[in-house]
Number of protein chains: 2
Amino acid sequence: MDEHEDQLDVMNDGSLLVAGQAVSLRSLVADRLRLAIITGRFRPGQQLRERELCELTGVSRPSLREALRVLEAEGLISTMPHRGPVVAALTPDEVDHLYALRLVLESFAAREFARLRRPHDIATLQATMKRLDDLRESGTPLELLEAGSAYYRTVASGSGNPYLAQSLQALHNRIALIRFISLHERDRNRLTFTALRAMMEAIIAGDEALTERLWTEHLAAIGTRARTIVEAGYRLADASGASTPSAA
Amino acid sequence: MDEHEDQLDVMNDGSLLVAGQAVSLRSLVADRLRLAIITGRFRPGQQLRERELCELTGVSRPSLREALRVLEAEGLISTMPHRGPVVAALTPDEVDHLYALRLVLESFAAREFARLRRPHDIATLQATMKRLDDLRESGTPLELLEAGSAYYRTVASGSGNPYLAQSLQALHNRIALIRFISLHERDRNRLTFTALRAMMEAIIAGDEALTERLWTEHLAAIGTRARTIVEAGYRLADASGASTPSAA
DNA sequence: TATTAGAAGATTGTAGGACAATCTTACGTA
DNA sequence: TACGTAAGATTGTCCTACAATCTTCTAATA
């Protein structure tokens with residue numbers, strides 16, 4: 001049987017380009033800078049100088065500037081007329097707005113996922129959940145960040161709507177640093193693991209109503225936490241409140 | 001120390017820039033190219049050559065290329081590795097996905113608008129509706145496009161969520177050409193006028209459920225029309241079906 | 001001490017050229 | 001006649017260098 005529909009591995013991560021040379025330099029630069037912002041190497045509000053970035057990345061200014069335009073369009077940096085690029089810093093209210101938008105987009109994606117129930121997406125979602133379980137005890141925050149991003153990315157992809165997935169990817173990039181900071185709290189992570197598993201099961205069961213309810217609860221919880229982190233200046237604020245699960 | 005955080009009347013509309021010089025050249029170039037794409041001067045699928053664009057806009061290649069990156073991030077053009085920028089051309093399925101996303105975002109914005117009912121936004125919405133009424137008989141398609149965009153932009157702004165408004169703006173830019181083509185049909189425009197008025201009244205009345213229902217019906221109607229236009233190759237296809245109002 | 005003027009630094013916009021990759025076209029051979 | 005190959009041309013990409021403008025720091029003076 002000539003079953004060639006296998007492999008090709010097109011569903012690895014996200015953008016797959018045919019061969020090794022089909023990726024432009026500015027894309028690589030944008031990826032590097034995006035990662036630096038997401039992981040907090042460049043702090044929110046920090047002034048970026050093109051000269052330094054050129055030395056750090058090893059590319060020329062035109063390439064760097066084109067990469068900066070991409071990041072600017074994604075909302076990760078903002079450029080003032082003659083003051084250079086600045087790493088975007090969110091206010092608590094902006095976090096609320098972002099999470100409100102995320103709830104609308106992501107719960108819709110999850111519901112569509114639960115409605116379509118495409119086998120391949122289900123398998124991928126289970127694989128990302130297994131990856132999360134493997135990291136549960138000994139995973140670093142960066143590993144957890146990437147595994148969680150894979151989970152949410154799979155949900156977005158499972159909606160079958162590429163534009164929805166693209167919007168969610170951009171939104172997640174904007175809040176990735178907050179998530180990264182939050183992932184340093186291991187006890188809260190356990191609650192998130194439980195929620196993600198329940199959400200996955202609701203999707204696989206095709207229960208759209210339950211999916212929406214669980215997603216709303218989950219986002220309310222982590223949205224509140226995100227606001228707290230930003231209010232503390234993008235740092236873990238070891239709130240005096242000991243351990244109120246507060247899933248609402 | 002010196003904390004003068006008094007208001008500077010920054011909340012007029014959206015982005016307020018101090019004087020006339022605070023806009024970069026690449027922004028102007030991006031605006032010009034965006035308008036050319038939206039109004040169909042550059043047809044979907046058309047190959048764009050940087051050299052020609054440099055001559056048309058009168059700017060150097062670096063500035064032009066930075067503008068192209070902005071448009072690429074907005075989804076208005078796509079750049080293949082060594083084949084230059086191409087004006088994005090939507091497939092019928094992509095139109096369906098875009099309108100599905102638009103329904104999610106815009107109906108949420110309208111519901112938030114109806115919930116908040118901020119007087120300033122209500123006044124602006126009424127003004128845009130009046131502008132539409134004034135253009136009802138003698139407005140050109142381009143004038144109608146801009147007036148309709150102002151209506152939808154006001155709805156998005158009325159949600160109070162700037163990120164939601166920004167996402168909707170980008171989405172509207174992608175479908176503007178389809179709307180522009182559709183606006184050449186005067187008889188269909190009347191139906192749209194009626195729908196827009198009803199939707200405005202539902203918002204002002206604060207009736208979120210009615211707002212959602214009307215928005216769903218409206219987007220279903222124009223989404224079907226949009227798909228038809230794309231199927232006809234971005235042209236009015238004078239469908240044989242005479243005049244089924246089809247508000248469902 | 002407060003205000004203003006000047007200079008230094010940085011960013012932006014622009015120009016030109018070199019290098020690499022791809023597409024087209026013409027020619028030779030089977 | 002059809003096909004494969006090679007050369008030319010076009011296009012895209014990247015780099016260096018320079019002019020113009022704005023910000024900001026510093027210093028001098030009222």
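Heavy-atom basis, side chains included; hydrogens, waters and symmetry copies ignored. Lettering follows sequence order; numbering is per chain, from 1.
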Ring pair (Phe, Tyr, Trp, His ring centres under 6.0 Å) against A:H172, all qualifying residues, sequence neighbours excluded: A:Y152

Sequence-distant partners of A:E143, salt bridge (charged side-chain N to carboxylate O under 4.0 Å, His left out), two or more places apart: none

From [atom1] of [X] over to [atom2] of [N], roughly how many Å is that when rounded to an integer?
X     : N      : atom1 : atom2 : value
B:L48 : D:dT10 : CG    : P     : 19 Å
B:R49 : D:dG12 : CZ    : C1'   : 13 Å
A:E50 : D:dT23 : CD    : C1'   : 15 Å
A:R69 : C:dT12 : CZ    : P     : 7 Å
B:E52 : D:dT11 : CD    : C1'   : 12 Å
B:I77 : D:dG12 : CD1   : C1'   : 13 Å

Residues A:T128 and A:R153: side-chain donor-acceptor under 3.5 angstrom: no

Residue pair A:R102 / A:S107, side-chain donor-acceptor N/O under 3.5 Å: no

Qualifying residue, where the test is salt bridge (charged side-chain N to carboxylate O under 4.0 Å, His left out) with B:E66 and the options are A:R69, A:R61, A:R26: A:R69

Sequence neighbours excluded, every pair satisfying salt bridge (charged side-chain N to carboxylate O under 4.0 Å, His left out) that has a member inside residues 119-130 of chain A: A:R118-A:D121, A:K130-A:D134

Contact under 4.0 Å: A:R51 side-chain N or O vs C:dT11 OP1/OP2: no

Test side chain to side chain donor-acceptor pair (under 3.5 Å) applied to A:Q46 - qualifying residues, sequence neighbours left out: none

Nucleotide-level pairing of DNA chain C, given in dot-bracket where Watson-Crick and G-U pairs need both distances under 3.5 Å and | marks other strands: ||||||||||||||||||||||||||||||

Touch class at under 4.0 angstrom, heavy-atom based, for B:L64 against every strand present: nothing

B:E74/B:R174 salt bridge by N-O under 4.0 Å criterion: no

Where B:L33 and B:L71 come nearest, the two heavy atoms and their spacing: CB-CD1, 3.5 Å

With the criterion being N/O to N/O and under 3.5 Å, what pairs connect the protein with nucleotides 14-18 of chain C, and how long is each?
from   : atom 1 : to    : atom 2 : distance (Å)
C:dT14 : OP2    : B:S63 : OG     : 2.5

